[in-house]
Undergrad: 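Please read through the structure below; I'll follow up with questions.
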Protein chains: 2
Amino acid sequence: MDSLSTTLAALCDPTRRSILARLASGPASVNELAAPFSMSQQSVSKHLAVLEKARLIEQQREGRQNFRTLRPAPFKEVADWVEQYRRFWEDSFDRLDDLLLELKQERSKEKKNVRKARK
Amino acid sequence: MDSLSTTLAALCDPTRRSILARLASGPASVNELAAPFSMSQQSVSKHLAVLEKARLIEQQREGRQNFRTLRPAPFKEVADWVEQYRRFWEDSFDRLDDLLLELKQERSKEKKNVRKARK
DNA sequence: TGAATCCACAACCACATGGTTGTTAATTCG
DNA sequence: CGAATTAACAACCATGTGGTTGTGGATTCA
């Protein structure tokens, strides 16, 4: 699977996003990360494995404990991807209507050209 | 499932992102959307259903054809979410090291305080 | 009207995902 | 040393996902 798909798949679980939010305030051990959730440590470790495969976090052993830290790159990848669509949500509703109308007119023009080309 | 999770789950498939990219240049029918892929029309329709459940697209019937259009709101939701993490990827690597070092030091300060509190 | 086109619905299948429990290795502490 | 802590590994299970094929309804066109 491509990198962006892996990243988005890792991010689509609320437990994992919550873990990332915790890590945004600094590294944490597995137990610390698991504490807020009503699930087993093993389940949280599975989530951590998913986040690590997506390179959203990295490990750093210290004795018995295993600390996790954020890795920034995939976040930027997501931001860059969604940025392409900014014009859609930033235009006012009126301007969006204009945009869609414009696109629709281009569309029917193309259709006419196709018909013309067939004749 | 919450709205953001549904959106990210819809976005984590490359076929669906490709469909959205096509729709960014204007509305399209199911056949038009299915054409670039080496999969059945029914599979593409399933992907469209996922995108529609996430409110990333909407339908508009015209005779036999069923056109799809982009809906901007969920894109903004994703952009707003990832924006929280901007400071992590925008800081230079040196500054990031500083940041992590800083967080780490805060952490060990907390630890010391905990030990102090126990005494 | 009859044929062709567009597309949705349903059933089926292989595989991934998110949870569980049981266990064990490594490390720290008394 | 022996006990407790931390966290990983493995097996298992229910459910969801992404594909398939078969089918049929609505619409258009000759």
Side-chain angles (χ1 to χ4, degrees), chain A residues 1-2 4-20 22-23 27-54 56-69 107-108 111 114-115 118-119, chain B residues 1-2 4-20 22-23 27-54 56-69 107-108 111 114-115 118-119:
Chain A
M1 196 155 50
D2 64 297
L4 182 55
S5 296
T6 305
T7 303
L8 292 168
L11 294 178
C12 76
D13 183 281
T15 301
R16 289 195 288 265
R17 288 199 307 280
S18 176
I19 289 173
L20 293 175
R22 165 64 188 83
L23 289 176
S29 71
V30 175
N31 273 351
E32 285 170 339
L33 292 172
F37 302 105
S38 59
M39 68 177 73
S40 64
Q41 164 261 313
Q42 290 90 327
S43 294
V44 173
S45 282
K46 276 196 179 182
H47 283 300
L48 294 175
V50 173
L51 290 170
E52 195 175 6
K53 190 173 281 180
L56 283 156
I57 62 173
E58 64 185 356
Q59 300 192 30
Q60 191 179 350
R61 267 250 150 76
E62 277 184 30
R64 280 181 303 189
Q65 295 184 306
N66 201 347
F67 290 91
R68 256 67 172 195
T69 322
R107 208 195 138 67
S108 53
K111 270 189 185 168
V114 169
R115 276 186 226 128
R118 279 190 188 141
K119 288 186 185 174
Chain B
M1 199 156 45
D2 63 296
L4 182 56
S5 296
T6 305
T7 302
L8 292 168
L11 294 178
C12 76
D13 183 282
T15 303
R16 289 194 288 263
R17 288 199 307 281
S18 176
I19 288 173
L20 293 175
R22 165 63 189 82
L23 289 176
S29 71
V30 174
N31 274 352
E32 285 170 340
L33 292 171
F37 303 105
S38 61
M39 69 177 72
S40 64
Q41 164 259 312
Q42 291 90 328
S43 294
V44 173
S45 282
K46 275 197 181 183
H47 284 300
L48 293 176
V50 173
L51 292 170
E52 194 175 5
K53 191 174 280 183
L56 283 156
I57 62 172
E58 63 184 354
Q59 301 194 28
Q60 190 178 350
R61 268 248 149 78
E62 278 185 31
R64 281 183 304 192
Q65 294 186 308
N66 202 346
F67 289 91
R68 257 64 171 196
T69 323
R107 211 194 134 65
S108 55
K111 270 188 186 167
V114 169
R115 278 187 224 124
R118 278 190 188 141
K119 285 185 183 171

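This structure is a prediction, so every number in the text was calculated from the model and none was measured.
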Undergrad: Ignoring the backbone of B:Arg68, work out which of C:dC6, C:dT27, C:dA8 is nearest its side chain.
TA: C:dA8
Undergrad: To the closest 0.5 Å, what do you measure between CD (B:Glu58) and CZ (B:Arg68)?
TA: 10.5 Å
Undergrad: Using heavy atoms to find the nearest nucleotide of DNA chain D for B:Asp13 and A:Gln59 separately, return the residue whose nucleotide is more 5′.
TA: A:Gln59
Undergrad: How long is the straight-line distance from CG of A:Leu8 back to CZ of B:Arg16, given to the nearest 0.5 Å?
TA: 10.5 Å
Undergrad: Looking at the side chain of A:His47, which of C:dC6, D:dT6, C:dG18 is the nearest nucleotide?
TA: C:dG18
Undergrad: Contacts to DNA chain C from residues 36-43 of chain B, heavy-atom cutoff under 4.0 Å, which residues?
TA: B:Gln41, B:Gln42
Undergrad: Counting only side-chain N and O atoms of B:Asn31, is one of them less than 4.0 Å from OP1 or OP2 of C:dC7?
TA: yes
Undergrad: Going by atom types only, do B:Ser43 and B:Ser40 share a side-chain donor-acceptor pair under 3.5 Å?
TA: yes
Undergrad: Would you check if A:Ser45 and A:Gln41 make a side-chain contact, meaning some heavy-atom pair closer than 4.5 Å?
TA: yes
Undergrad: When the nearest nucleotide of DNA chain C is assigned to A:Gly63 and to B:Ser45 on a heavy-atom basis, which residue is associated with the more 5' position?
TA: B:Ser45
Undergrad: Please give, in whole Å, the distance from D:dG16 C1' to B:Met1 CE?
TA: 10 Å
Undergrad: Identify which nucleotide among D:dA7, D:dG18, C:dC7 has an atom closest to any side-chain atom of B:Val30, counting heavy atoms from C-beta outward.
TA: C:dC7
Undergrad: Would you say B:Arg17 and A:Ser5 are linked by a side-chain donor-acceptor pair, where the criterion is simply a distance under 3.5 Å?
TA: yes
Undergrad: Looking only at side-chain atoms of A:Asn66, point me to the closest of D:dG19, D:dA7, C:dA26.
TA: D:dA7
Undergrad: What nucleotide, of D:dA7, C:dT27, C:dC7, holds the atom closest to the side chain of B:Arg61?
TA: C:dC7
Undergrad: Is there side-chain contact between A:Pro14 and B:Asp2, with at least one heavy-atom pair below 4.5 Å?
TA: yes
Undergrad: Does B:Arg16 make a side-chain N or O approach to OP1 or OP2 of D:dG18 shorter than 4.0 Å?
TA: yes
